[in-house]
2 protein chains.
Amino acid sequence: MKRGQHHGALREALIDASLQLLDTEGVEAVTIRAVARRAGVSHAAPINHFPDLRALLTAVATRCFEHLLGAARAARDARSDAYGRLEAFVDAYIDYALAHPGRYRMMWRMDILDPEDPALDGLVEGLYGDVEEMVAALPQPTRRIDPTTVVIALSSLVHGYASMRIDRNFIPASDAITGQPRQHVMLKVALGLPID
Amino acid sequence: MKRGQHHGALREALIDASLQLLDTEGVEAVTIRAVARRAGVSHAAPINHFPDLRALLTAVATRCFEHLLGAARAARDARSDAYGRLEAFVDAYIDYALAHPGRYRMMWRMDILDPEDPALDGLVEGLYGDVEEMVAALPQPTRRIDPTTVVIALSSLVHGYASMRIDRNFIPASDAITGQPRQHVMLKVALGLPID
DNA sequence: ATTGCGATATAGACGGTGTCAATATGGCGA
DNA sequence: TCGCCATATTGACACCGTCTATATCGCAAT
């Protein structure tokens, strides 16, 4: 086990410092030098653990996706009916996005992340795979549609709604007619289910 | 009419230079200094027309929204049936996003733009208003849903699909079962229409 | 136990950035 | 024609990412 000199685990400390800056000041505040300052090391120390800023941000996004997926899967597994599992997964996803808007905004900034990174890519693929699984577990739909189209549609609905709640926070969270959370209405419509 | 000294219309020249950089090198290449260089003025000249980088980017995004809305509305108005107008609007929207990925990515980066800007905000509101109008013009739906929910859902579907086409370009553009463009399938499903 | 070496951290430098202050310059109205 | 005000320039400052050279720590082999 090779370890750094005065911390022992600088890599983790840098990711933690990045998360603090991300949560409090936004993604543009996450600079190599600011992260190094917060971790108490020199401005060039991070280069030993992350070759450049993109790699650091990718590691941070990877950790965020782990948290988000962990919370969503836990919520899903607390339910047993197929639709309830999808709904709980989506609710937990949106909760995470609203609780950590800075993180969520960064997680989909593929222009500043490394989309080729195997860890990050694996988590994103895992997310889509989860959605595909949950859709496949539903009572078979009346219409036959390419499963990829369904995954794209559901992912877009949830991501778009989360983004709007973050960036345009005056949007009411409930459907004015049904009184249900908007994401529930959108899910049922997209899946052709009764809104009740 | 007060005009600059050797250009006469530096403000427009700066926006044009920004668009060139945006199209060829991405949003991170749009810096005040690079834009000034391309416009042939000193690095501090833009400050007279835009108080800071955010203001410049907001003006560029505003121009892009004007182009996008212009194209989408023209496509819409070339059709007469209510659903065809919505479909043509959406198709033109996606065409613009795919033709100008750098612009499209920037247009929704509310963290680097000024969401309070009246011109930008007016165009975004205009976009949502157009969607709401087109939905209201459809034969009345079987289910009553908050119009705002419908606008959010349709906007999210279209934006999410455009973003995925840009950032994950391996996604096939057509639904594998129906053979229709994915956005058409998603629209029909979201509106409860037959897929034919 | 000492030595040596590789991994890790530091200090310094370079060119780039946004933004500010001071200065220069141009055109237009009085 | 003169003067003024909007506009452009120059220069400076702090911060950024990244590179190079140097120093230091800790483990392992002697």
Side-chain angles (χ1 to χ4, degrees), chain A residues 1-22 24-61 102 106 109-114 116-117, chain B residues 1-22 24-61 102 106 109-114 116-117:
Chain A
M1 178 94 75
K2 63 260 168 88
R3 279 284 147 245
Q5 62 200 48
H6 70 305
H7 276 88
L10 181 54
R11 195 190 140 93
E12 291 305 304
L14 292 171
I15 295 180
D16 288 342
S18 300
L19 283 173
Q20 290 178 36
L21 286 166
L22 187 55
T24 56
E25 307 182 48
V27 63
E28 67 278 2
V30 183
T31 70
I32 286 187
R33 296 171 100 106
V35 169
R37 275 195 297 273
R38 180 161 296 233
V41 294
S42 77
H43 68 269
I47 253 61
N48 292 298
H49 300 275
F50 303 101
D52 54 20
L53 177 59
R54 171 178 299 262
L56 170 59
L57 291 173
T58 300
V60 175
M106 182 208 57
R109 288 285 310 283
M110 289 307 170
D111 53 329
I112 59 173
L113 304 178
D114 177 13
E116 314 283 335
D117 182 84
Chain B
M1 175 98 74
K2 63 258 169 89
R3 278 284 147 245
Q5 63 199 47
H6 69 305
H7 274 89
L10 181 53
R11 195 190 141 93
E12 292 304 305
L14 292 171
I15 295 179
D16 289 342
S18 300
L19 283 173
Q20 291 178 35
L21 285 167
L22 187 55
T24 56
E25 309 183 47
V27 63
E28 68 280 359
V30 184
T31 70
I32 286 187
R33 296 170 100 106
V35 169
R37 277 194 296 272
R38 179 160 295 233
V41 294
S42 75
H43 68 266
I47 254 59
N48 292 298
H49 300 275
F50 304 101
D52 54 19
L53 178 58
R54 172 178 298 262
L56 170 59
L57 290 173
T58 299
V60 175
M106 181 207 57
R109 289 283 311 282
M110 288 308 171
D111 53 329
I112 59 173
L113 303 178
D114 177 13
E116 315 283 336
D117 182 85

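Just so we're on the same page: letters track the sequence lines, and every chain starts at 1.
Under a 3.5 Å cut-off, the side chain of A:Arg11 and the backbone N or O of A:Phe50 do not form any donor-acceptor pair. Under the 3.5 Å distance criterion, the side-chain polar atoms of B:Thr58 are matched with a main-chain donor or acceptor of B:Asp114.
Between the CG atom of B:Leu14 and the CD1 atom of B:Ile32 there is a distance of 9.5 Å, given to the nearest 0.5 Å. Put simply, NE2 on A:His49 and CG on A:Leu56 are 11.0 Å apart, with the number rounded to the nearest 0.5 Å.
Note on A:Arg37: only backbone sugar-phosphate atoms sit closer than 4.0 angstrom, heavy atoms only; bases stay farther off.
C:dT8 atom P lies 12 Å from atom CZ of A:Phe50, rounded to whole Å. The nearest whole Å value for the distance from the CG atom in B:Asn48 to the C1' atom in D:dC5 is 12 Å. Atom-to-atom, CD of A:Glu12 to C1' of C:dT8 comes out at 17 Å; the value is rounded to the nearest Å. With rounding to whole Å, A:His49 atom NE2 is found 9 Å from C:dA7 atom C1'. In this structure, the CD1 atom of B:Ile112 is 15 Å from the C1' atom of C:dG18, given to the nearest Å. In this structure, the CG atom of B:Leu10 is 9 Å from the C1' atom of D:dA8, given to the nearest Å.
For A:Asp117, the side-chain hydrogen bond (donor to acceptor under 3.5 Å, both in side chains) test picks out no residue, with sequence neighbours left out.
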Heteroatom pairs (N/O) under 3.5 angstrom, protein to nucleotides 17-21 of chain D:
from, atom 1, to, atom 2, distance (Å)
D:dG17, OP1, A:Ile32, N, 2.9
D:dG17, OP2, A:Ile32, N, 3.1
D:dG17, OP2, A:Arg33, N, 3.2
D:dG17, N7, A:Arg33, NH1, 2.6
D:dG17, O6, A:Arg33, NH1, 2.9
D:dT18, OP2, A:Leu53, N, 3.0
D:dT18, O4, A:Arg33, NH1, 3.1

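Sorted by first and then second residue, the side chain to side chain donor-acceptor pair (under 3.5 Å) pairs involving residues 27-40 of chain A (not counting sequence neighbours) are A:Gln20-A:Arg38.
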